[in-house]
Amino acid sequence: MSIGLRITSPDAALTTLGALIDETKAGDPLAPVTCIVPSNLVGVMSRRALGRASGLLGVDMVTIGRMAELIAGPLLAAWGRRPMSAPVVELAIRQALADEPVAFEPVARHPTTIDALRRAHEEIRLAGDRAGALASTARGRELLRISRAVARRLTGDWYDDADLFLEATAAIAGPDAPALAPVVVHLPRDVSPLHVAFLDVVSAVAPTTVLLALTGESQADRRPRRIAERLGGPVPDPDASADETAPASPVRIISTTDADDEVRQAVRTVMSAARGELTGEPIAFERIAVLWPTHRPYARLVEHHLDRDLVPWNGRGGTELVERIAPRLLIQLLRIDRPVLRRSALFELLSDVPARDADSNVHPAASWARYARAAGVTDEWDRALERLIGRTDHEGRRERIRALAGFVAELRARLGRADTHRPWSEWADWSREILDWWLGPRAAMRFDDSEYRAWEALVAALDRLGGLDLVADPVDRPGFAGVLESELSDLAVRQGRIGHGVTIGSLASGPGSDVDVAIVLGAVDGLLPPVPRPDPVLGDAERRAAAMRTSDDRSDELAHALASTLRSTSAVVLRPRGDLRATAAHHPSRWLDERSDAPATL
């Protein structure tokens with residue numbers, strides 16, 4: 001059995017998916033079907049759209065990684081292996097470089113080097129046997145050596161995405177293969193060699209069909225054609241697919257002064273669409289998307305302006321996880337006494353995140369700050385506060401000063417010496433305890449939805465760091481803080497609920513989304529198309545040989561996303577004329593030159 005291939009256009013993708021699912025069910029509405037979707041967002045939107053159209057039963061919508069996890073996860077867990085996290089890989093890379101740095105010796109300790117090598121390692125792992133092609137160059141051989149050394153260190157106790165696909169592939173191909181429902185792969189965005197191997201064995205035991213959307217535009221269709229080629233299916237003829245795709249709808253282009261003005265205009269467009277001024281009928285917020293080609297500066301600006309105008313939204317905003325209350329507090333506590341506990345540092349933190357007592361009452365930080373100033377505290381707290389108590393006649397003030405002294409003494413006792421080395425699990429426990437002490441009991445119950453999600457992500461990160469005792473020596477407090485901050489910086493926490501308010505996010509995540517109006521930001525050269533940015537540790541030629549993503553793939557991905565969005569929605573495209581902070585002018589995106597009507601310049 002081979003993988004089937006079905007071609008559609010972006011505007012007909014959902015309709016074709018519904019027809020393909022019905023065809024796969026062969027007249028039995030309860031027959032199970034597994035639909036592999038490119039993201040959870042697309043899965044939820046597709047399920048709801050198909051359910052509204054004709055009902056949907058027996059369809060399991062999962063990402064390809066989740067499907068592999070459902071098959072191989074229990075096996076790996078039974079063998080005592082844990083899911084791998086970024087800190088685990090980074091520590092293994094540091095150990096590999098310490099043993100044999102070779103070409104990376106001058107920069108082996110730099111955090112950027114470790115981060116770049118970790119990302120390269122993850123891609124090399126998913127390249128499977130094709131990664132052997134890296135050995136044709138000296139740089140590729142060095143990356144391959146480090147990646148294999150890291151894999152050897154971690155394989156016994158940990159597993160990564162590559163292990164999930166390898167074990168799932170072996171399980172399906174083995175004598176005790178799990179029963180699989182027919183599979184529909186909906187609009188795949190990327191397929192690594194291990195993905196292809198997994199789908200090959202799936203197609204051998206269950207009917208498998210891949211649905212691709214072609215726009216009829218040369219660059220925009222490079223990515224789906226490459227996916228079709230990797231899956232071994234017939235690559236559609238460019239001219240034939242161009243005839244079958246619907247023409248793009250007229251696009252309204254709005255020119256603005258800079259990115260901030262652009263986002264303000266985007267929010268005004270959202271409100272216009274909601275009032276029915278854009279399409280002639282009111283559009284619900286959940287049927288509108290605001291998409292950008294690059295996270296900075298747009299994510300933070302969009303979040304700010306939508307919140308300011310009280311427009312509900314869901315997606316990944318611009319507020320990073322490390323900026324949320326609990327993660328921010330913990331990282332500052334881990335570093336607050338470098339080199340000593342200064343008055344200014346403590347009261348900046350108390351004003352930022354108020355501390356509470358055991359009864360959840362907020363400590364009086366403002367009066368404490370006045371007492372500390374009156375006592376002349378810099379970094380010597382005990383004697384200065386004792387002298388102030390001796391000079392104070394009012395008993396109530398003396399009690400408040402003693403409360404401050406007790407708070408500082410307990411904080412110092414909890415912090416201990418910054419250079420004390422402890423096991424990772426002890427630091428994780430210490431972190432939970434100091435958060436509970438500072439924030440008071442049941443702190444998480446007082447958080448709003450965004451802060452609660454950040455709390456959950458922090459607790460999960462501490463659980464992962466607590467497992468590093470298996471691969472790393474005890475660490476001091478600054479070292480633990482650095483690894484925790486790195487782990488949190490890599491996490492993207494989605495805010496809000498899908499289907500509640502305006503959907504915001506990357507333009508690359510747009511294809512497959514079920515919305516009526518799409519507002520696309522950043523339509524200027526340098527963003528659409530993006531400036532090619534080759535990987536700092538692995539060149540495009542080596543990546544191409546190993547079937548890994550190249551710098552051109554990013555451009556092709558955005559070209560396909562833009563063309564798909566313009567063909568499947570009522571689109572409004574905004575372009576800033578310049579960057580006022582950098583005093584630089586922007587040129588309109590050349591991708592829009594031949595498909596748009598006259599822009600409406602504001």
- request: Would you sort out whether V524 and S589 count as a side chain to side chain contact (heavy atoms under 4.5 Å, CB included), showing the intermediate values?
  value: CA-CA 4 Å; V524 294; S589 171; 5.6 Å; no
message: Using salt bridge (Lys or Arg N to Asp or Glu O under 4.0 Å), reason through R300 and E323 one step at a time and then give a plain yes or no.
response: CA-CA 12 Å; R300 192 178 295 272; E323 300 176 73; 2.8 Å; yes
Looking at [X], I'd like to know if its [atom1] atom is crowded, meaning that more than 12 non-hydrogen atoms belonging to other residues, nucleotides or ligands lie closer than 6.0 Å.
X    : atom1 : value
D473 : CG    : no
N40  : CG    : no
R497 : CZ    : no
D469 : CG    : yes
R109 : CZ    : no

Does the side chain of [X] reach to within under 4.5 Å of the side chain of [Y], using non-hydrogen atoms?
X    : Y    : answer
R324 : S450 : yes
I36  : V184 : no
S486 : E90  : yes

- prompt: So which heavy atom on P224 is nearest to which on A220, and how close?
  reply: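 Closest approach of P224 to A220: CD-O, 3.7 Å.
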query: Closest approach of V42 and G512, non-hydrogen atoms and distance?
result: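 It is CG1-O, 3.7 Å.
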Between [atom1] on residue [X] and [atom2] on residue [Y], distance to nearest 0.5 Å:
X    : Y    : atom1 : atom2 : value
R544 : D553 : CZ    : CG    : 8.0 Å
L592 : L528 : CG    : CG    : 7.5 Å
Q219 : H560 : CD    : NE2   : 12.0 Å
S147 : H121 : OG    : NE2   : 4.5 Å
L458 : L321 : CG    : CG    : 7.5 Å
N314 : L41  : CG    : CG    : 7.5 Å

- prompt: Between the side chains of T550 and D552, is a donor N or O closer than 3.5 angstrom to an acceptor N or O?
  reply: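 Side chains of T550 and D552: no pair found under 3.5 Å.
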field: Chi angles and distances behind the salt bridge (Lys or Arg N to Asp or Glu O under 4.0 Å) call for R118, E123
entry: CA-CA 9 Å; R118 174 178 61 81; E123 291 188 76; over 6 Å; no
Pairwise salt bridge (charged side-chain N to carboxylate O under 4.0 Å, His left out) hits with a residue in residues 59-84, at least two apart: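 Sorted pair list: R66-E69, R81-D163.
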- request: Using the salt bridge (Lys or Arg N to Asp or Glu O under 4.0 Å) rule, take E142 and R145 through it: C-alpha gap first, then chi angles, then the decisive distance, then the call.
  value: CA-CA 5 Å; E142 183 64 8; R145 179 190 67 80; 2.6 Å; yes
message: Classify the ring geometry of F480 against W424: parallel below 30°, tilted from 30° to 60°, perpendicular beyond 60°.
response: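 Judged by the thresholds at 30° and 60°, the geometry between F480 and W424 is tilted.
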task: Show your working on side chain to side chain contact (heavy atoms under 4.5 Å, CB included) between F165 and H195 and close with a plain yes or no.
output: CA-CA 7 Å; F165 282 107; H195 293 159; 3.2 Å; yes
- prompt: Looking at R226, R222, R549, which one forms a salt bridge (Lys or Arg N to Asp or Glu O under 4.0 Å) with E557?
  reply: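 The single option meeting the salt bridge (Lys or Arg N to Asp or Glu O under 4.0 Å) with E557 is R549.
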message: Which residue in the set R287, R48, R47 passes salt bridge (Lys or Arg N to Asp or Glu O under 4.0 Å) when paired with D514?
response: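 Of the listed residues R287, R48, R47, the salt bridge (Lys or Arg N to Asp or Glu O under 4.0 Å) partner of D514 is R287.
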- request: Would you check, one step at a time, whether the test side chain to side chain contact (heavy atoms under 4.5 Å, CB included) holds for L291 with Y298?
  value: CA-CA 9 Å; L291 307 172; Y298 290 110; over 6 Å; no
- request: Look at D535 together with R543 and state whether they make a salt bridge at an N to O cut-off of under 4.0 Å.
  value: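 Yes, charged N to carboxylate O under 4.0 Å.
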field: Test: E303 and R316 ion pair at under 4.0 Å
entry: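 No, this pair does not count.
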- prompt: Which is it for T208 and S203 under the side-chain hydrogen bond (donor to acceptor under 3.5 Å, both in side chains) test, yes or no, and what are the steps along the way?
  reply: CA-CA 5 Å; T208 302; S203 69; 5.0 Å; no
task: Would you check, one step at a time, whether the test side chain to side chain contact (heavy atoms under 4.5 Å, CB included) holds for I288 with T503?
output: CA-CA 6 Å; I288 303 172; T503 298; over 6 Å; no
